[in-house]
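What follows is one structure encoded as structure tokens, with my remarks underneath.
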Number of protein chains: 2
Amino acid sequence: MEDVAARAGVSRALVSIVFRGTAGASERTRERVLAAAADLGYQPDQRASRLSRTRTRMLGVVFGVGHAFHGDLVDSLYAAADVSDYEVVLSGVTPRRSEEEAVRALLAERCEGIVLVGSALPSPALSELAARLPTVSLLRDVRATGVDVVRTDDAEGLRQAVTHLHGLGHRHIVHADGGRAPGAAQRRRGYRSAARRLGLEATPLLPGGLTEEDGARAAGVLLSLPPGERPTAVTAFNDRCALGLVDAVRRAGLKVPEGLSVVGFDDIRAASYAHIALTTIRQDADALGRLAIERAASRLDRGQPPGRPVVVAPALVVRATTGAPR
Amino acid sequence: MEDVAARAGVSRALVSIVFRGTAGASERTRERVLAAAADLGYQPDQRASRLSRTRTRMLGVVFGVGHAFHGDLVDSLYAAADVSDYEVVLSGVTPRRSEEEAVRALLAERCEGIVLVGSALPSPALSELAARLPTVSLLRDVRATGVDVVRTDDAEGLRQAVTHLHGLGHRHIVHADGGRAPGAAQRRRGYRSAARRLGLEATPLLPGGLTEEDGARAAGVLLSLPPGERPTAVTAFNDRCALGLVDAVRRAGLKVPEGLSVVGFDDIRAASYAHIALTTIRQDADALGRLAIERAASRLDRGQPPGRPVVVAPALVVRATTGAPR
DNA sequence: GCTCGTTACTAGAGCGCTCTAGTCGAGGAG
DNA sequence: CTCCTCGACTAGAGCGCTCTAGTAACGAGC
């Protein structure tokens with residue numbers, strides 16, 4: 001910076017002004033400084049800049065590196081942070097890197113706020129974190145003091161799925177459960193309430209999960225049922241589970257949707273591929289990311305207190321894995 | 001830090017010594033400082049620490065947020081950086097965030113080295129980057145001056161795939177191509193050389209790609225061939241392509257492996273799921289990540305010049321999508 | 001001519017650490 | 001008793017920026 005200033009014949013402060021784009025430099029000097037910087041290959045040092053600014057304007061994002069839907073959210077978070085003039089710092093959770101570790105790295109970095117995507121942290125840990133800095137739990141509904149929540153209306157999503165299947169004529173619908181995964185409890189609840197309201201037969205849940213493998217396992221359970229008792233439709237915890245289920249069921253000779261209708265959840269990119277064409281409940285990744293950033297930003301910029309959970313409406317996307325029974 | 005020092009009755013410098021774990025503090029003071037810090041909830045500020053240290057010991061990693069295999073590599077990069085005492089800083093490439101942008105963010109952060117996973121940057125841009133800081137291209141083989149390359153022996157992988165199929169009795173094997181994706185050219189070459197060596201019929205490539213959708217499209221082309229001319233086996237550019245292909249082909253009524261054998265590439269986690277059980281060429285994510293970090297570290301720590309490409313051997317993993325023809 | 005406002009610019013004190021070059025006191029060697 | 005060494009600790013400069021409180025120059029208005 002010193003060198004750039006010398007070359008442009010100005011003070012260091014002026015160089016700073018030019019690079020921050022603040023007022024206080026004439027057009028001519030601005031150009032001279034920029035030219036000098038280009039000659040010298042100078043690029044301002046973010047760390048130093050953040051250190052001297054009191055605000056860092058950094059938002060930490062903890063996400064599961066392998067999760068397809070987390071990837072969609074990261075895209076949206078990057079985009080939303082950009083317009084709010086915050087910078088996203090990623091910290092990934094992988095099989096060998098725990099969520100605690102990911103959070104710790106972000107804290108040492110002095111992020112001003114933190115967004116946890118599908119966090120599995122116990123709520124005391126979340127409260128503790130929230131006491132230190134604005135924390136938003138994205139996807140997972142937690143009742144932890146101080147923690148903001150942005151999530152999809154999971155229950156409503158399942159209601160839509162069940163209603164859709166009911167409308168097609170299905171009367172025996174089963175839910176492949178997500179266990180303890182974020183949103184799973186709400187989806188179960190949505191499934192049950194819709195089933196009750198529509199007067200469908202009560203069916204025990206299928207043990208599902210988050211991955212294709214879990215879906216395939218659920219398919220095994222389903223297929224082991226005597227044909228008479230076999231449901232004609234399944235709502236799966238998520239798309240990956242649905243995909244695994246569809247795959248396994250088809251390989252067993254059951255046609256989808258003729259023999260079995262399947263609805264997923266998330267609308268990951270793969271769900272829309274022509275050869276898959278999964279009917280699913282779309283989570284609005286764009287809105288979720290945007291709202292998460294907005295929440296963090298409003299707490300940081302306008303000193304607002306944590307608010308009530310923000311719930312985003314899901315939408316049914318009808319594709320080719322659902323149809324009338326038989 | 002000042003407060004911690006005051007509370008422990010020592011100087012700031014001593015606090016710094018304790019937190020860095022350097023020699024020069026007695027056991028008793030060390031404990032006093034740690035206790036004071038715990039009371040105050042003090043945690044050192046990484047940014048300030050890095051600013052004053054000349055070295056930042058940060059390694060930037062640019063990766064595709066959606067790519068399953070990149071996720072596996074990120075896991076391995078985190079682990080490897082940990083042992084080399086470097087810190088990984090992620091910068092994601094998404095549909096709305098270009099690789100250039102991802103790199104720029106890392107440079108402003110003052111990373112000391114950079115690892116590009118499956119980079120799509122033109123080689124002049126890579127050389128320019130490499131002139132600024134140690135750069136390693138992971139997965140993609142580039143001939144750009146100053147750029148280190150760590151990759152799988154893609155050609156060898158395809159040779160293994162073709163040889164495996166040949167051993168099962170296949171004489172008509174086609175390759176679903178990856179186009180301009182990293183490694184695609186080498187895989188094509190490996191396929192061709194193996195086919196030639198084994199005296200197989202020359203077959204035009206199937207237009208493939210990186211995603212399940214591309215694989216499904218390739219399946220369409222394959223199925224449109226008159227049965228007599230139809231190959232009995234396919235080597236796919238990667239697992240996702242293979243998965244899409246298998247799926248589409250099965251839905252068209254062709255059995256896998258009875259009617260068609262399929263070999264993937266990568267060995268992503270999903271390939272090993274029981275209901276998928278894809279025969280594939282395993283890329284050693286652990287070795288790739290470790291070698292990439294080692295390369296960067298050896299240039300940084302020991303001032304070594306960029307070296308020749310590091311090529312990791314792939315391994316055939318036989319599962320359930322390959323078998324004898326007919 | 002003088003004051004006042006503006007615009008263009010600068011000096012220099014931080015930001016929260018690290019690290020070099022010390023000081024200080026307690027032993028040990030001569 | 002002096003001189004050294006050594007371990008424990010501290011002062012203070014510096015990392016590369018930002019930002020407040022200025023200064024200088026130049027018109028405009030009276």
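Here the structure is a predicted model, which means the values were calculated and not measured. Proteins get letters first, then strands, A, B, ... in listed order; numbering begins at 1 in each.
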Would you list the protein and nucleotides 23-27 of chain D atom pairs, both N or O, that sit under 3.5 Å from each other?
none

Filtered N/O pairs between nucleotides 6-9 of chain D and protein, under 3.5 Å:
residue, atom, partner, partner atom, Å
D/dC9, OP1, B/Thr29, OG1, 3.0
D/dC9, OP2, B/Ser26, N, 2.9
D/dC9, OP2, B/Ser26, OG, 3.2
D/dC9, OP2, B/Thr29, OG1, 2.8

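Taking the side chain as every heavy atom from C-beta outward, A/Val65 and B/Asp75 never approach each other to under 4.5 Å. Residues A/Val103 and A/Leu116 form a side-chain contact, since some pair of their non-hydrogen atoms from C-beta on lies under 4.5 Å apart. Counting only heavy atoms from C-beta outward, the side chains of A/Val93 and B/Tyr78 never approach each other to under 4.5 Å.
Contacts of residues 37-57 of chain A with DNA chain C (heavy atom under 4.0 Å): A/Leu51, A/Ser52.
Taking the six-membered ring for Trp and thresholds of 30 and 60 degrees, B/Phe63 and A/Phe63 have nearly parallel ring planes, at less than 30 degrees apart.
Within the 4.0 Å cut-off from OP1 or OP2 of C/dC19, at least one side-chain nitrogen or oxygen of B/Arg20 is found. Checking the phosphate oxygens (OP1, OP2) of D/dC17, no side-chain nitrogen or oxygen of A/Ser16 falls inside 4.0 Å.
Minimum atom distance to the side chain of A/Ala13 is reached by D/dC19, of the listed D/dC19, D/dA11, C/dT18.
Defined by atom type and a distance below 3.5 Å, a donor-acceptor pair is missing between the side-chain atoms of B/Arg12 and B/Ser16. Side chain to side chain, B/Tyr86 and B/Arg55 meet the donor-acceptor criterion of an N or O pair below 3.5 Å. Under 3.5 Å, the side chains of A/Ser119 and A/Glu99 contain a donor-acceptor pair of N or O atoms. For A/Arg140 and A/Gln186, the side-chain atoms include no donor-acceptor pair closer than 3.5 Å. A/Ser84 and A/Arg57 form no side-chain donor-acceptor contact under 3.5 Å, judged by distance and modelled atom types alone. A donor atom on one side chain and an acceptor atom on the other are not found under 3.5 Å apart for A/Ser137 and A/Arg151. Judged by distance alone, the side chains of A/Arg30 and A/Ser26 never bring a donor and an acceptor atom under 3.5 Å apart.
We find that CE of B/Met1 is positioned 11 Å from P of C/dC19, with the value rounded to whole Å. One can place CZ of A/Arg12 at 14 Å from P of C/dG14, the figure rounded to the nearest angstrom.
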